[in-house]
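One structure below.
Within every chain, numbering begins at 1; the chains are lettered A, B, ... in the order of the sequence lines, protein sequences first and strands thereafter. Any value given below was found using the heavy atoms of this structure, including those in side chains, with hydrogens, waters and symmetry copies removed.
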Amino acid sequence: MGRLLLVDGHSLAYRAFYALPAENFSTSTGQVTNAVYGFTSMLINVLRDEEPTHLAVAFDVSKQTFRLAEYPEYKAGRSATPTEFSGQIPLIREVLGAMGVRMVTAEGFEADDVICTLTRQAREAGHDVLVVTGDRDAFQLVDDRTTVLYPVRGVSELTRMTPEAVVARYGVPPERYPDLAALVGETSDNLPGVPGVGPKTAAKWITQYDGLAGVVAHADAIKGKAGESFREHIASVERNRRLNRLLDDLPLGVEVEELRRPGWDRDAIHQVFDGLEFRVLRERLFETLDNDEPEVTGGFSVEVARPRGEEVGAWTARVPAGARVGAEVVLAADLTGPGSPARPAALDGVAVAAPDGSVAVLHVGDLLRWVASPDGPALVMHDAKPQLHALARAAWARGLGPLAADAADDDPTTTGEGHDGRDGGTGGATDDDVVGEDGTTGARAVASSIAGLPSGDTSLAAYLCRPDQRSYDLADLSVRHLGRTLVTAEPVVEGQPVEEQLSLGLDGAAEQVEDTPEDLADAARARRDLRAGIRAAAVAELDAVLLGELEEREGTALLADLELPLERLLVRLESTGIAVDVEHLEQLREHYDVRVSEAARLAYAEIDEEINLGSPKQLQRVLFEKLEMPKTKRTKTGFTTDAEALQDLYESTEHPFLLHLLEHRDAIRLRQTVEGLLASVGEDGRIRTTFQQTIAATGRLSSTDPNLQNIPIRTEEGRRIRSGFVVGSDATGPLETIMSADYSQIEMRIMAHLSGDEGLVEAFTAGEDLHRFVGSRVFQVEPADVSSEMRSKVKAMSYGLAYGLSAFGLSRQLRIPVDEARGLMDEYFMRFGGVRDYLRGVVDQARKDGWTATLLGRRRYLPDLTSDNRQRREAAERMALNAPIQGSAADLIKVAMLRVQERLDAEDLRSRMLLQVHDELVLEVAPGELDRVQEIVLEGMGGAADLAVPLEVQVGLGRSWFDAAH
DNA sequence: TCAGACACGTA
DNA sequence: CGTACGTGTCTGAA
């Protein structure tokens, strides 16, 4: 089932022509291009926003139509088409030709009839249809699966005409629209309507008499002047109706399937756009195209060598010192194999792809020695963090001891030992020792070489280029940026019969597989080598392309100096983990469990039945049907039962069920949180999260598996969970305390810095409570006279501003009238005009450039800022307001993390960083190091940037995360 | 079994 | 009709 986009070429070009000032759009040769520009721009927007699968543009071909034959005055009286316009039609056709868009015409008919016919065909084929036209006759096509996008205000905005929208605007359903138009007339077609009859009257009649035919039949019954006028003009009304009926049975000789969106001819587009001197438009077009399936040429074909001993040096010699090589670890078995969720896999070497295209799988020891040597390469990986974990485990397991990059593993039983059995099972080919023939010499160099890996990471590079993408899958990037498919065998999965897996082979082609166990194991290993080899080769090529792209976006330093070092630091945070008091958590679970049962029991007693309290559907039945409570805010599937709504309901009904329900919700959630944490405690009593570095479009980290960035803190009961995160031990012995350090009001400080607003800057240097200070300005009272109510209003507004909050939103949040909210905002902007100017400027700049930027130049691209769809556009505007602020805060804490770790390492301290929670760092401090660590943290965080306002850092200490909070 | 909707925790 | 996330449950479709 697809979506067909049909565009009325003439109608839109015409609109564009009159909407855009010709003098601003002409090429150096004097060719006027305003219509071409407006038309193309609109088309790109619609392609981007609506993502049609099929596409055609209809044009009128001749003046001689059946309508003209019936009514010689049809469309008469139009002023002659200016030559500046008609001259642009061939250019539009050129653009469409280059884009491979099918153009459809029919001799003797209008574009509307073509569109109507194609609409019918597409509907019969089961497709949805979108029609873009400035001709209102098309409204008759609208139904639940056909939408007309009708331009308003030139071509800058399109109105979505659904059946509901047609009814709302004209008072008649879409199929009756032509009846209405026949009565009212259509000036642009020179079809006069009934004098004295406007849309209101026409709609009334049509509804009353069930259509135009009924109106005509009852003509004599219609009273008044309008009725009289109608009777005099019945003939022309009926003629209008004949003329505005669109034809759906033209012999076009086109099948809908032929309209499937074609592959793009990039060269042709470049040529045409060069001629038209469209620069920005070309970028927008390619951005849109790049989001679609690009054309793909061949795949990668590599020969994978497995050099050993002497052969290793021979192979590595082909790589110049410092050259960038792609690398991908070869796992002895897949991580996702059945029954082994997230179990560390053994390493069976590392595939490396040399600049000359040759690929080898090196044993871990050989690779690390090579990297550590003076003529070692620069390794580039894709999503290096999990691979670095595997490498570090492998090195540890081979007797190298904890690595600098991974010094926290103090329990060898969790580090990847115990996979020997599997190695044996897949061929017995275990890796050789990291330590070479020359004994332990060089082990230290090898260890530090891992600490410096990787030199590049293509997933980070891709993320910095386009941080809004959902995933940075190597195969997708390869298709998008290299135009090559990544055909790799799926890794052999543990737990499934190897024979079955291998019989499929690459590309599903049968492979020659002998059936001795040794042969099967060799074949499985060869497949894993090939897979990793192909990926390494892709990484090497992708690296070059993405570095170029990143350079254009001025993000090279961000990658090299921030994200890559941070990735290495995150490896350490993740492998360190944070200690938990399991006993405490187990007691807490029991406690919450009692609360859950008790709340459920009381809730059931109130309603005399045992429903599933976790089912919004069942809750809706009980609340709104059984108990007949007032309806709450609508959701897609009914009425909301969220906590805020339940609280409101309680205030109006005082029904005790609601309290028990809220209590149940709260308790069940806390129990779930604790259970999740308990489930992820490792054998050493520590919890290890995974920090995602390429997920948040603003540049923040995120935490998963478990998420340690959303541990409760707001409620007393929830905070008890934080007491379960405690100070632990390392290999040397127990550490002393947990340290929590957070930035206070980081986002507001960034706002002050970026806006340069004098008042706000002063607020941070005045030594007064921020919100009290702001409140005194807004309400024009002495700071001491700012009431707590004033303070909380101002606080909500200040933070809301960074999110693009509207007066409406503010009124809803504060439960005050919209007018009061608006007054509050006006007053705020009056006092802090710099903030207003800044916020306005951010959106304007982003619309012009296409992106926002943070303090460190991290960009976020927001193409929807020019969308014709108001919802999308306004959503993008709010993102544009927030991205520089949230993103700059993310920049700062990342810088701070690196600064802090740099000092901890330089001074060889045992204390270590455990968690990052957006504006907070959690550390574990070793005995005797407290003062020094506190200095380092205060200096590292406070000095992360030199802003117009000071960066204030609060530090707390305690045996648990709760105790360390302040 | 999977995706979407809902609800809710954090900054 | 306030940004950025992750996780759990329920539900209906596949």
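- At dC10(C), one or more side-chain N or O atoms of N612(A) fall inside 4.0 Å of OP1 or OP2 (strictly under the cut-off).
- Q620(A) has its CD atom 9 Å from the P atom of dC6(B), to the nearest Å.
- Within the nucleic acid shown, Q813(A) comes within 4.0 Å of at least one base atom, counting heavy atoms only.
- Here A643(A) lies in heavy-atom contact (under 4.0 Å) with sugar-phosphate atoms only.
- No contact: L701(A) has no heavy atom under 4.0 Å from any strand.
- Annotation: of the two residues near DNA chain C, N707(A) and G614(A), the 5′-most nearest-nucleotide partner is N707(A).
- Counting heavy atoms from C-beta outward, M790(A) and V778(A) have side chains that stay 4.5 Å or more apart.
- Remark: S702(A) is in phosphate contact with dG6(C), judged by side-chain N or O atoms under 4.0 Å from OP1 or OP2.
- Using a 4.0 Å cut-off, no side-chain N or O of T704(A) falls inside it from OP1 or OP2 of dC5(C).
- Considering only side-chain N and O atoms, S615(A) lies under 4.0 angstrom from the phosphate OP1 or OP2 of dT11(C).
- Note: NE2 (H664(A)) to C1' (dA7(B)) measures 14 Å, nearest angstrom.
- Checked against dT10(B), dA4(C), dG9(B), the side chain of N882(A) finds its nearest nucleotide in dA4(C).
- Atoms CD1 (I893(A)) and P (dA11(B)) sit 12 Å apart, rounded to a whole Å.
- Of the candidate nucleotides dA11(B), dA7(B), dC1(C), dA7(B) has the atom nearest to the side chain of D642(A).
- Nucleic acid contact class of L810(A) (heavy atoms, under 4.0 Å, all strands): none.
- Distance from the side chain of T635(A) is smallest to dC6(B) among dA4(C), dA11(B), dC6(B).
- Under 4.0 angstrom from either OP1 or OP2 of dC6(B) there lies no side-chain N or O belonging to K617(A).
- Other residues, nucleotides and ligands contribute at most 12 non-hydrogen atoms within 6.0 Å of the CD atom of E716(A).
- Base engagement by R714(A) is indicated by at least one non-hydrogen atom pair under 4.0 Å involving a base atom.
- Counting non-hydrogen atoms under 4.0 angstrom, G800(A) reaches a base of the nucleic acid.
- Using a 4.0 Å heavy-atom criterion, one finds that L670(A) contacts no nucleic acid atom at all.
- If you take CZ of R749(A) and P of dA11(B), they are 17 Å apart, rounded to a whole angstrom.
- Backbone-only contact: A697(A) has heavy atoms under 4.0 Å from sugar-phosphate atoms and none from a base.
- In this model, the phosphate group of dC6(B) is not approached by any side-chain N or O of T641(A) to a distance below 4.0 Å at OP1 or OP2.
- M913(A) pairs with exactly one of L923(A), V922(A), T576(A) by the side chain to side chain contact (heavy atoms under 4.5 Å, CB included) rule, that one being L923(A).
- Contacts of Q672(A) with the nucleic acid, taken as non-hydrogen atoms under 4.0 Å apart, involve only primed sugar atoms and P, OP1 or OP2.
- Taking atom P in both dA5(B) and dC1(C), the straight-line distance is 15 Å, to the nearest Å.
- Following rounding to the nearest Å, D819(A) (CG) and dC1(C) (C1') show an atom-to-atom distance of 16 Å.
- Distances shorter than 4.0 Å separate some side-chain N or O of T637(A) from OP1 or OP2 on dC6(B).
- The distance from atom OH of Y592(A) to atom P of dG9(B) is 12 Å, rounded to the nearest whole Å.
- If you check every strand for non-hydrogen atoms under 4.0 Å, R860(A) touches sugar and phosphate atoms only.
- Among the atoms of the strands shown, only primed sugar atoms or phosphate atoms (P, OP1, OP2) are found under 4.0 Å from some heavy atom of S703(A).
- Under 4.0 angstrom from either OP1 or OP2 of dA4(C) there lies no side-chain N or O belonging to T698(A).
- Residues T641(A) and R665(A) bring a donor and an acceptor atom of their side chains to less than 3.5 Å of each other.
- Between D581(A) and V726(A) the shortest heavy-atom distance is N-CG2, 3.8 Å.
- A donor-acceptor contact under 3.5 Å is formed by the side chain of N710(A) with the base of dG9(B).
- Scanning atom types as modelled, no donor and acceptor separated by under 3.5 angstrom connect the side chain of Q709(A) and the base of dG6(C).
- Side-chain atoms of R700(A) and base atoms of dC5(C) include no donor and acceptor less than 3.5 Å apart.
- Taking atom CG of L921(A) as the reference point, atom C1' of dT10(B) lies 16 Å away to the nearest angstrom.
- Aromatic ring centres of Y799(A) and H771(A) lie closer together than 6.0 Å.
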Would E625(A) and Q620(A) satisfy side chain to side chain donor-acceptor pair (under 3.5 Å), going step by step from the backbone distance to the final call?
CA-CA 7 Å; E625(A) 290 171 29; Q620(A) 287 177 39; over 6 Å; no

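- Protein atom CD of Q916(A) is 14 Å distant from nucleotide atom P of dC5(C), rounded to whole Å.
- Side-chain N or O atoms of D742(A) include none that pairs as donor or acceptor with a backbone N or O of E920(A) at under 3.5 Å.
- An OP1 or OP2 oxygen of dA7(B) is reached within less than 4.0 angstrom by a side-chain nitrogen or oxygen of T640(A).
- Nearest nucleotide to the Q692(A) side chain, out of dA7(B), dG6(C), dT10(B): dG6(C).
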